[in-house]
Amino acid sequence: MKQSNSIFLNGLNEAQSHAVDHFHGPLLVVAGAGSGKTRALTHRIAHLITEYKVDPSSILAVTFTNKAAREMKDRLELLLAKRLSSLTHGKPWTALQVAEQREIRNRIHREISRELWIGTFHALFSRLLRFDIDKFKDPEGLTWTKQFSIYDETDAQSLIKEIVTQDLQLDPKRFEPKKVRWAISNAKNQCLLPDDLSNNQEGQRGKLVAETYRLYRKALAANNALDFDDLLLIPVQLLQQNEKIRTYWHSRFKHVLVDEYQDTNWTQYELIKQLVTNGKDPSSFQDWNNRSVFVVGDADQSIYSFRAADFRILMGFQEDFGKKSLDNKYDSTLVKLEENYRSTSTILEAANSLISNNKERIDKVLRATRGEGEPIRLTRCDDEIAEAEAVIHRLRILDASNPELNWGDMAILYRTNAQSRAIEDSLVRWSIPYIVVGGLRFYDRREIKDLLAYLRLLINPSDSVSLLRVLNVPKRGIGKTTVQRLSDAASQLKIPLWEVVNDPEAVRSLAGRSAKGLLIFSELINELQSHLLSSSPAELVQLVLEKSGYLSELIATGTDEAEERRRNLQELVNAALQYQEESEDANLEGFLSTAALSSDADNKDTASNRVTLMTLHSSKGLEFPVVCLVGMEQGLFPSYRSLDDPSSLEEERRLCYVGLTRAKEKLFLFHASERRMWGGMREPAIASIFLSEIPEELVKGDIPLSGGATLRREKNLDRLTRIDRQSNKKSFPSEAENAVRKTYSGPSPGKRWSVNDRVEHSSFGEGIITHVFGSGEKISLAIKFSGMGPKILDPRLAPLKLIDE
DNA sequence: CCTTCACACGCCTGC
DNA sequence: CGTGTGAAGG
C-alpha cells in the first residue's frame, strides 16, 4: 500500500516520511522544536486525500490556535493546488497565470479544504454542539438549545460571584469567586461533574466549591449558556451517553490528527478517545481498518498545565493505544522527529543543556542541521527602563548592520504581558514599528463586548448575563434597584429575566420611573429580533449600532476615546464581513462563536514589517531570526509562584526552552538588577536560575557575567522577590452569615393579597397568586392563570378581584 | 433613584 | 495602572 512516489513524500527525511505515510492505526509523533512537524501534518493530510483517497470530510485535525488552523488550511491548499496545476495544466504552479491560480485554489477550497474539520478543540466541538446539543440529557435535567451563548472568563466569573453572594450568602472576600471559578474549571477539565467533585472533597470549603459548581451549572443552563470548559465537557458527556450520536461522529471522522498533544487535558483526551474508538477501551480496540489517530507533540514544550494540560497524556499514548514497543525508532506507534532545521547549533545546545535539568521527560535529543552561528549574548541592565533601551539599542544595531534583516524578523519575548509597557515606550521613542500580540483581546474591549451582548441576546433571550450588560447601555435611566427587583421576580418565578422585561405589564408593575426606559429597551430588542432571519451578521451589527443609540451616543460624546471606540466598532462590522466571506452558511451564531473563541494572536498578521512583542506562551509554534528574551530574573522568570514548587519550576523551564528555540540565528538575553513591580515599589532582582543552566562558553556577556557558582549560591538565599504564599486559611460562612439569609418581603398578615389567594382577572380569568413582590404601598403580584406563563401585575392597576373561598 | 467621582486593591500564562 | 466597588451628589 505504500505510495513512495507520492509528491508529498518528496524532500522529507526518513522519520517525516514515515509519519506522513502512516495510514492505519495510532501513531505518536514526538516532534522536537523546529523539526518540521507542521510540515509533516500538512503533508500527511494532503497525502491521505490524494494517495489513500480519504474523503476530506472524514478528517478531523485539531490545532492549538485558530491561527494555526488557518495556516494549516492555507499551506494545505497550496500543496494541493501545486499538485493540481501539474496534473491539469501540465505546468508548475509558478508558471500559471494569476487567474488560473485563483481558479485552481477556488476549486481546492470548494472540493477539499471546505470539507475538512480543522480548528481548535473548542471551535470544533462547539460546532459539534450546534448540531446535537438539544439531544443532550443532563443527569440533573438541565437543557440547552442550539442558540447557546458562549461565556468568556469575565461572564463566568460574574455568574459565580452572583451565586456565591446571592444563593450561598457567602462573603466574596473570603470565598473568592475567582478562585472558585478556577477550581470549577479545573474540575471540568478533568472530566469531573459536581457530584464527582463533591465526592473528592473532604473539608467544608471543598463541599461548598462543589455546591457552587452545581449551582453554576444550573445557572448556565438557565441562561442557555456554556463556558469554555463546557464546550469540551458537554460533548464528552453527550458522546458517552448517546450511542447513536457517538457512532455517527465515530464513523464520520476516520482520521483524527492532534497537534500540540502535550498540551491536551483529560477532557480533551476523553473526546479523542470517544471519537476514535467509539467509546471502547483503546488498548483493546482492533477496528483500525481505514482509520487512524495521529498525535504530534513534545513533552519538553508542555507549558499549559495551569489550564489543566497534562503531558503524561502524551507520554502514555503508546500504552493507551499501542502495542508494546519493539524497535524504538520506527515502532508502529511511535516516530521521533529529532532533526532541528531551525536554529544554529549554539542555540540548540543552550536549549538542550537547559532542558536537561528537568527530571520529567521523554528521552529525546535535538540534532542540529545548521552551522554554529553566533554566541548568545547576555546583557545585564540597571532596571526595566534600561533593559528596554538596551533591547532597542541591540535591534537598531542589527537593523543598521544587516541589510537582509527587517523589523519583522525580530521578536521580543517576555513572561508577562505587563512587561511590554516599558519596551513599547522605548520603541515609540525610537520610532520603530512594532506590534503587540496578546494582552487585551479585540473581542474583550468594552464596546465590542457590549455589542456582542446585544447580538447574543437577540438569538438567545434566556441569556440574562448579556441582557444585564446592555439593559442600560446606552443609558436609559434603568438603575440598580430596578434591576434588582426585576431579577428577583425572574428568579423566584424561575423564568428568564427577559420574559419579565418583555412583559409591559410586569414592567409597569415592578419598575417605577425607569419603566419607560425598560419599555423602550424591550421594543428595541423585539424590533431587532424581527431582522434576525433576513439580515446578515454584518447588517445586524450595523442595525444594533444604529437602533440602540450606541453609535449616536459615542458621536455625541466626541472625545478621543469615544472616537477610538467607534473605530473599533467599525472594525467589528469588518470582522463580520470577513466572517461572511470565509464561511459558507454564515449565520449570527457562527459569528458569535468565532468571536468568543478567537484570541488576539489569531488576528494579527506577523507578516507586516514590525517588531513583534509577545509573551513566551504566545510564541509557541513561531520562529524568528532574531529573538530577545527579557526579564530573565528570579521571581519573574521563573515566576515567583514556581520557586518553591519543583514541578512548576520544570514547567517554567520548558517555557524557557520554548523561548530559546524560537530563535533561528541570533539570541539575546536580558535581565535587570532592579525592577519596578506594580504601582511603584522598586524591587532588587537577581539573575534567573535558567541563565546558569546555559553553558558559559555559548554566551558572550556585555558585562562580566556572574558565574554559575554565584547563581547557585543566590538560589539558596531567601528570595527578596518571593511573596509569601497565602496560608491555607479556611473560610466558612459564619453562623451570622447563614442567619441573614435573604428574605423577600412576602405578604404580611392583614395585607390584602397573599400567596395562594385565588383571584379573578377581567380578561385572563381565574388564577392563583404565586408570589408577592415588594411591600407597603408598592407591591406586585405574580399570578398563574390557566393556559399561560406567570403574569406579573400591579394590583392597583390590574382589574383584579379576590375570590373568597 | 441614578450618576459621578474617588479610592482601594491586585496581575502570570489563555482557549 | 486599570478596574471594580463604595459613598456623596444631582
Exercise for review: Name all residues meeting the side chain to side chain contact (heavy atoms under 4.5 Å, CB included) criterion together with A:Ala225; count only those two or more places apart in sequence or in a different chain, and write none if there are none.
Suggested key: A:Ser149, A:Tyr151, A:Leu220, A:Asn223
**Study point:** 5'-most by nearest nucleotide on DNA chain B - A:Ala123 or A:Glu652
**Key:** A:Glu652
Exercise for review: Looking only at side-chain atoms of A:Tyr640, point me to the closest of B:dT13, B:dC12, B:dC15.
Suggested key: B:dC12
Revision key, fill the gap. Considering only heavy side-chain atoms of A:Thr416, the closest of B:dC15, C:dG2, B:dC12 is B:dC12
List every contact pair, protein side and nucleotides 2-9 of chain B side both N or O, where the distance is under 3.5 Å.
| residue | atom | partner | partner atom | Å |
| --- | --- | --- | --- | --- |
| B:dC2 | OP1 | A:Gly479 | N | 2.5 |
| B:dC2 | OP1 | A:Thr482 | OG1 | 3.0 |
| B:dC2 | OP2 | A:Thr481 | OG1 | 2.9 |
| B:dC2 | O5' | A:Gly479 | N | 3.4 |
| B:dT3 | OP2 | A:Asn472 | ND2 | 3.4 |

What are the atom names and distances for every N/O pair under 3.5 Å that joins the protein to nucleotides 3-5 of chain C?
| residue | atom | partner | partner atom | Å |
| --- | --- | --- | --- | --- |
| C:dT5 | OP1 | A:Lys161 | NZ | 2.2 |

**Study point:** Close approaches to DNA chain B from residues 258-271 of chain A, in residue order (heavy atom, under 4.0 Å)
**Key:** none
Revision key, fill the gap. Those residues at least two apart in sequence (or on a different chain) that pass side chain to side chain donor-acceptor pair (under 3.5 Å) with A:Glu360 are none
Check your understanding: Between atom CD in A:Gln157 and atom C1' in B:dG10, what is the gap in whole Å?
Key -> 13 Å
Exercise for review: Please report, rounded to the nearest Å, how far the C1' atom of B:dC1 is from the CG atom of A:Leu486.
Suggested key: 14 Å
Check your understanding: Could you give the CE-to-C1' distance, from A:Met614 to B:dG14, as a whole number of Å?
Key -> 14 Å
**Study point:** Partners meeting side chain to side chain donor-acceptor pair (under 3.5 Å) with A:Ser552 (sequence neighbours left out)
**Key:** none
Review point. Side-chain N or O of A:Asn417 less than 4.0 angstrom from OP1 or OP2 on B:dT13?
Key: yes
Check your understanding: Taking only residues two or more places apart in sequence or in another chain, which ones pass ring-ring contact (aromatic ring centres under 6.0 Å, His included) with A:Tyr579?
Key -> A:Phe591
Exercise for review: Just jot down the side chain to side chain contact (heavy atoms under 4.5 Å, CB included) partners of A:Gln157, sequence neighbours excluded, or say none.
Suggested key: A:Glu153, A:Lys178, A:Arg181
Review point. With sequence neighbours excluded, what pairs up with A:Phe131 under the ring-ring contact (aromatic ring centres under 6.0 Å, His included) test?
Key: A:Trp249
Review point. Are A:Glu270 and A:Lys273 within salt-bridge range, i.e. N to O under 4.0 Å?
Key: yes
Exercise for review: Name the nucleic acid region contacted by A:Phe121, choosing base, sugar-phosphate or nothing; use a 4.0 angstrom heavy-atom cut-off, strictly under.
Suggested key: nothing
Review point. Can you check whether A:Ser618 has a side-chain N or O nearer than 4.0 Å to OP1 or OP2 of B:dG14?
Key: yes
Review point. Should A:Asp298 and A:Lys37 count as an ion pair when the cut-off is N to O under 4.0 Å?
Key: no
Check your understanding: Is the aromatic ring centre of A:Phe306 closer than 5.5 Å to the centre of the six-membered base ring of B:dT13, with the two planes inclined by less than 30°?
Key -> yes
Exercise for review: Check the distance between B:dG14's C1' and A:Asn189's CG and give it to me in whole angstrom.
Suggested key: 12 Å
When the side chains of residues 116-125 of chain A are checked against the rest of the protein, which donor-acceptor pairs come out under 3.5 Å, sequence neighbours left out?
| residue | atom | partner | partner atom | Å |
| --- | --- | --- | --- | --- |
| A:Thr120 | OG1 | A:Ala123 | N | 3.0 |

**Study point:** Between C:dG2 (C1') and A:Asp444 (CG): distance, integer Å
**Key:** 14 Å
Practice item. Return the nearest nucleotide to the side chain of A:Thr615; candidates are B:dG14, C:dC1, B:dC1. Key: B:dG14
Review point. Quick one: does A:Asp229's side chain have a donor or acceptor within less than 3.5 Å of a partner on A:Asn189's backbone?
Key: no
Check your understanding: Is there a donor-acceptor pair under 3.5 Å between the side chain of A:Ser642 and the backbone N or O of A:Leu649?
Key -> no
Exercise for review: Taking salt bridge (Lys or Arg N to Asp or Glu O under 4.0 Å) as the test, write out the residues that go with A:Glu447, two or more places apart.
Suggested key: A:Arg565
Point to revise | Distance, rounded to the nearest Å, where A:Tyr414 contributes OH and B:dC12 contributes C1' | key: 13 Å
Revision key, fill the gap. Separation of B:dT13 atom P from A:Glu650 atom CD, nearest Å, is 22 Å
Review point. Looking for any heavy atom pair under 4.0 Å, which part of the strands does A:Lys620 touch: base, sugar-phosphate only, or nothing?
Key: nothing
Exercise for review: Record whether the side chain of A:Arg415 comes under 3.5 Å of the base of B:dC12 through a donor-acceptor pair of N or O atoms.
Suggested key: yes
**Study point:** B:dC12 OP1/OP2 closer than 4.0 Å to side-chain N/O of A:Arg641
**Key:** yes
Study note, to complete from the structure: side chain to side chain donor-acceptor pair (under 3.5 Å) filter on A:Asp263, not counting sequence neighbours, yields A:Lys620
Review point. Rounded to whole angstrom units, what separation is found between the CG atom of A:Leu636 and the C1' atom of B:dT13?
Key: 12 Å
Study note, to complete from the structure: Side-chain contact check for A:Arg513: nearest option of B:dC15, B:dT13, B:dC1 is B:dC1
